[in-house]
There are 2 protein chains.
Amino acid sequence: MRLGLLYSGGKDSTLAALLLAEFYDVTLATAHFGVTDDWKHARATARELDFPFERIELDCDVAREAADRIREDGFPRHGIEHVHRHALEAVAREGFDAVADGTRRDDRVPTVSRAQAQSLEDRHDVDYIAPLSGFGRSAVDDLVDAQLDVTVGPSAKITRADYEAELRALVADDGGAIEEYFPDHEQTHVTGVR
Amino acid sequence: MRLGLLYSGGKDSTLAALLLAEFYDVTLATAHFGVTDDWKHARATARELDFPFERIELDCDVAREAADRIREDGFPRHGIEHVHRHALEAVAREGFDAVADGTRRDDRVPTVSRAQAQSLEDRHDVDYIAPLSGFGRSAVDDLVDAQLDVTVGPSAKITRADYEAELRALVADDGGAIEEYFPDHEQTHVTGVR
């Protein structure tokens, strides 16, 4: 069965890929808006891990809507979820049997509700799978330590390879204060498998 | 890392075992009350799949409390969840690094809330993992078809190897009408891996 996994090059989506690879033909799919070249980090990691890679270009209107929303809200949650839903839809339209992402049990953003999952599945005749949604933070951390080589740092230095870094860039371009809207959290680049 | 997986011998918990085996040293742990010998089905499947097996005997008071609750409620949900929580606690006390079960995204019974998961983890210094909680029914069915040999039938004929069959027996012994309390759903015995 062919599965398209939304891939950022970070530890969560890489771990999701390893978990699913036992049962599916996994393609790592990085969604972006063509604003920066950060997606190339994800392609490099995908090659290192020997997974097929696809770049999914999203409509720039989605990015603008999300950036507007983030500025209005003063926090990124709804804007990021708006993009995440569009990204899942875009992967689903690629004709995979299943689509997946790396969301964890304790993630606050993005989340995909059971109703949203069911709706995606029904409309695209596809399975939606969140293989890490039954794993808490400490379980994921233990598995990452055991399985992956990673570079860790603050979001400003280690950029995500997917749409999130571009969203930050858009909000900043329009005069938004990034550190005000996006809480500083650590990002990871996976550099290899142990 | 050593992981104890609550195991019924059915398709969900078997699939959970295969998913986790990539990353953990998985022991299949079947919780029961010593009322019937159905746990031996789970041991047989564990041997067939070449996993270590442990039998976890639960306190009979827990079964009686659950049976009482089921008769009072007129439906099995809370009674089964009462036992499931006790079973997870019992596995956690065995000293594993992680405990797991086979609950799916679309399962209505038993469910383990995020708060319950966090509480179990904090009290026992253990990770709780529900590897199938990000998989819907159709994804699980597809994986079962691809990976497992199973015998399927109504609950009355194909008994679960864990506590649920014993709960039914207890409720019936006390004059409860099983078909009234337990909705008839299909059970599976896994007979092998493809």
Side-chain angles (χ1 to χ4, degrees), chain A residues 1-3 5 12-25 96-108 111-122 124-148 193-194, chain B residues 1-3 5 12-25 96-108 111-122 124-148 193-194:
Chain A
M1 286 176 289
R2 292 186 64 239
L3 178 143
L5 170 68
D12 293 347
S13 53
T14 301
L15 203 56
L18 299 183
L19 260 172
L20 292 168
E22 180 83 351
F23 290 150
Y24 295 92
D25 298 323
F96 293 103
D97 303 304
V99 300
D101 62 25
T103 52
R104 286 181 287 114
R105 184 186 82 198
D106 301 331
D107 272 347
R108 301 185 62 180
T111 60
V112 177
S113 71
R114 219 162 94 164
Q116 285 166 345
Q118 193 68 59
S119 163
L120 182 75
E121 292 181 333
D122 292 346
H124 293 281
D125 189 24
V126 77
D127 287 325
Y128 165 71
I129 297 165
L132 295 188
S133 70
F135 291 70
R137 179 185 304 269
S138 133
V140 170
D141 287 348
D142 288 348
L143 288 179
V144 167
D145 284 346
Q147 305 285 336
L148 303 177
V193 178
R194 290 195 175 165
Chain B
M1 285 177 290
R2 291 186 65 237
L3 179 143
L5 169 69
D12 293 348
S13 52
T14 301
L15 203 57
L18 298 182
L19 260 172
L20 293 169
E22 180 83 353
F23 291 150
Y24 294 93
D25 298 321
F96 294 103
D97 302 305
V99 300
D101 61 25
T103 52
R104 286 182 288 115
R105 183 185 83 198
D106 302 331
D107 271 348
R108 301 185 61 181
T111 60
V112 177
S113 71
R114 220 161 93 164
Q116 284 166 346
Q118 193 68 59
S119 164
L120 182 74
E121 292 180 333
D122 291 346
H124 293 281
D125 190 23
V126 78
D127 288 326
Y128 164 71
I129 297 166
L132 295 188
S133 69
F135 292 70
R137 180 184 303 270
S138 134
V140 170
D141 287 348
D142 287 349
L143 288 179
V144 167
D145 285 347
Q147 305 285 337
L148 303 177
V193 178
R194 290 196 175 166

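Small disclaimer: the values here were computed from a predicted structure and weren't measured.
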*Separation between CD1 of A/I129 and CG of B/L143, rounded to the nearest 0.5 Å*: 6.5 Å
Donor-acceptor pairs under 3.5 angstrom involving side-chain atoms of residues 17-25 of chain B: please list them, not counting sequence neighbours.
none

*Is A/R114 reaching over with its side chain to a backbone N or O of B/R105, donor-acceptor style, under 3.5 angstrom?*
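Between the backbone of B/R105 and the side chain of A/R114 there is a qualifying donor-acceptor contact (under 3.5 Å).
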_Checking B/S13 now: which residues fulfil side-chain hydrogen bond (donor to acceptor under 3.5 Å, both in side chains) with it, not counting sequence neighbours?_
B/S8
*What residue, out of B/P131, B/S133, B/A146, has the most heavy-atom pairs lying under 4.5 Å from chain A?*
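Option with the top pair count is B/S133.
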*Flag the one option from B/A117, B/A130, B/A98 with the top tally of heavy-atom pairs under 4.5 Å to chain A.*
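The residue among B/A117, B/A130, B/A98 with the greatest pair count is B/A130.
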*Evaluate whether atom CZ of A/R108 has more than 12 neighbouring non-hydrogen atoms of other residues, nucleotides or ligands under 6.0 angstrom away.*
no
*Just wondering, are more than 12 heavy atoms of other shown residues or ligands nearer than 6.0 Å to CG in A/D122?*
yes
*Name the region of A/D97, side chain, backbone, both or neither, that has any atom closer than 4.5 Å to a heavy atom of chain B.*
neither
*Using non-hydrogen atoms only, which part of A/A139 is less than 4.5 Å away from chain B: side chain, backbone, both, or neither?*
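Looking at A/A139, backbone and side chain both touch chain B.
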